[in-house]
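Since the structure comes first, as structure tokens, the remarks are kept for the end.
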Amino acid sequence: MKRIATILKKHSYIKIKLKKIATNHFELKAKINGTKGRFILDTGASNSCVGLNLIEYFNLDAQESETKAAGAGATDMETLASKNNTLKIGSWKTQKCHLVLFNLVHVNTALVQHQAKEVHGIIGADILQKGKAFIDYNKNRLYLKKKQSK
């Protein structure tokens, strides 16, 4: 039987290493608009997010948003939105990454309490869908499908 990694590579998938952290989340490195960051992979988050305090760090164009954020014990949080950002994870890239910006203090407080490092944001289901993602939980790998040039 062929290994899943071999099959995915044949179908133009890119392999990205995931790091399991103390909270049992997967952490990964990514670049937004050319700037490196540390992110949690969260299949339950509908949108990818970045901390409100990182607008300048990632060179984001923040706009008002009607969306209220909820998660990890916090609800009804005010948000901003940033559209059409470049996101690069490994060699996978999209130039139409829409981000929700909100206060990540509750997320980072929980991480620090579990002896994990703070993160810049969350990679959510929107990116996983865009990249036609496969997650290999056994080998701590994320696979994203490379976009075909036209």
Side-chain angles (χ1 to χ4, degrees), residues 1-55 57-60 65 67-75 77 79-148:
M1 185 159 83
K2 283 191 180 181
R3 290 191 28 234
I4 190 74
T6 306
I7 295 167
L8 291 173
K9 186 176 180 180
K10 183 180 173 188
H11 289 278
S12 303
Y13 275 81
I14 296 160
K15 177 171 62 174
I16 295 129
K17 290 181 184 177
L18 299 172
K19 178 183 174 188
K20 198 164 205 179
I21 60 174
T23 58
N24 273 338
H25 287 96
F26 282 124
E27 180 185 281
L28 62 112
K29 304 242 189 302
K31 286 184 181 179
I32 296 175
N33 300 327
T35 303
K36 292 179 186 176
R38 185 184 307 105
F39 297 85
I40 285 177
L41 182 66
D42 187 348
T43 60
S46 52
N47 297 297
S48 293
C49 311
V50 167
L52 268 175
N53 59 326
L54 299 169
I55 292 170
Y57 180 76
F58 286 117
N59 192 26
L60 302 172
S65 171
T67 305
K68 300 278 188 196
T75 58
M77 294 179 290
T79 67
L80 294 175
S82 181
K83 295 184 176 180
N84 298 320
N85 296 287
T86 299
L87 173 68
K88 191 169 184 200
I89 305 172
S91 59
W92 185 87
K93 186 176 179 180
T94 181
Q95 295 185 334
K96 293 186 177 179
C97 178
H98 301 333
L99 298 165
V100 173
L101 313 173
F102 74 101
N103 188 334
L104 285 177
V105 168
H106 68 287
V107 171
N108 281 319
T109 298
L111 289 172
V112 170
Q113 286 174 347
H114 288 89
Q115 283 71 52
K117 292 180 182 175
E118 291 188 4
V119 294
H120 294 97
I122 297 164
I123 300 296
D126 55 341
I127 296 302
L128 297 176
Q129 287 175 328
K130 190 176 282 196
K132 297 181 166 88
F134 281 89
I135 301 171
D136 183 340
Y137 288 93
N138 192 37
K139 296 203 187 279
N140 298 350
R141 300 279 189 259
L142 167 67
Y143 294 88
L144 296 172
K145 187 165 179 66
K146 192 173 190 172
K147 293 195 162 94
Q148 302 302 315

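Residues: numbered from 1 along the sequence shown.
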[atom1] of [X] to [atom2] of [Y]: how many Å apart, nearest 0.5 Å?
X      : Y      : atom1 : atom2 : result
Asn85  : Ser48  : CG    : OG    : 10.5 Å
Lys36  : Tyr57  : NZ    : OH    : 9.0 Å
His98  : Asn84  : NE2   : CG    : 5.0 Å
Ile32  : Lys88  : CD1   : NZ    : 14.0 Å
Arg141 : Leu8   : CZ    : CG    : 12.5 Å
Ile16  : Asn140 : CD1   : CG    : 13.5 Å

*Parallel, tilted or perpendicular: which describes the rings of Phe39 and Phe58, with under 30° parallel and over 60° perpendicular?*
tilted
*Parallel, tilted or perpendicular for Tyr137 and Phe26, by the 30°/60° rule?*
tilted
*Look at atom NZ of Lys130 and say whether more than 12 heavy atoms of other residues, nucleotides or ligands are closer to it than 6.0 Å.*
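More than 12 heavy atoms, drawn from other residues, nucleotides or ligands, come within 6.0 Å of this atom.
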Can you find a heavy atom in the side chain of [X] that is under 4.5 Å from one in the side chain of [Y]?
X      : Y      : value
Lys132 : Tyr13  : yes
Asn53  : Val105 : no
Ile14  : Lys146 : yes
Leu104 : Ile122 : yes
Ile135 : Leu41  : yes
Leu80  : Ile55  : yes

What closest approach, in Å, do [X] and [Y] show between heavy atoms, and which atom pair accounts for it?
X      : Y      : result
Leu28  : Lys17  : CB-O, 4.3 Å
His114 : Ala22  : O-CB, 2.9 Å
Trp92  : Gly131 : CZ2-CA, 3.7 Å
Asn47  : Cys49  : O-SG, 3.3 Å

Side chain of [X], backbone of [Y]: donor and acceptor closer than 3.5 Å?
X      : Y      : answer
Lys145 : His11  : yes
Lys117 : Arg38  : no
Asn108 : Val119 : yes

*For Leu99 and Leu87, what are the C-alpha separation, side-chain angles and deciding distance, and is it a side-chain contact (heavy atoms from CB on, under 4.5 Å)?*
CA-CA 10 Å; Leu99 298 165; Leu87 173 68; over 6 Å; no
_Ile89 vs Ile127, test: side-chain contact (heavy atoms from CB on, under 4.5 Å). Steps then yes/no._
CA-CA 10 Å; Ile89 305 172; Ile127 296 302; 4.1 Å; yes
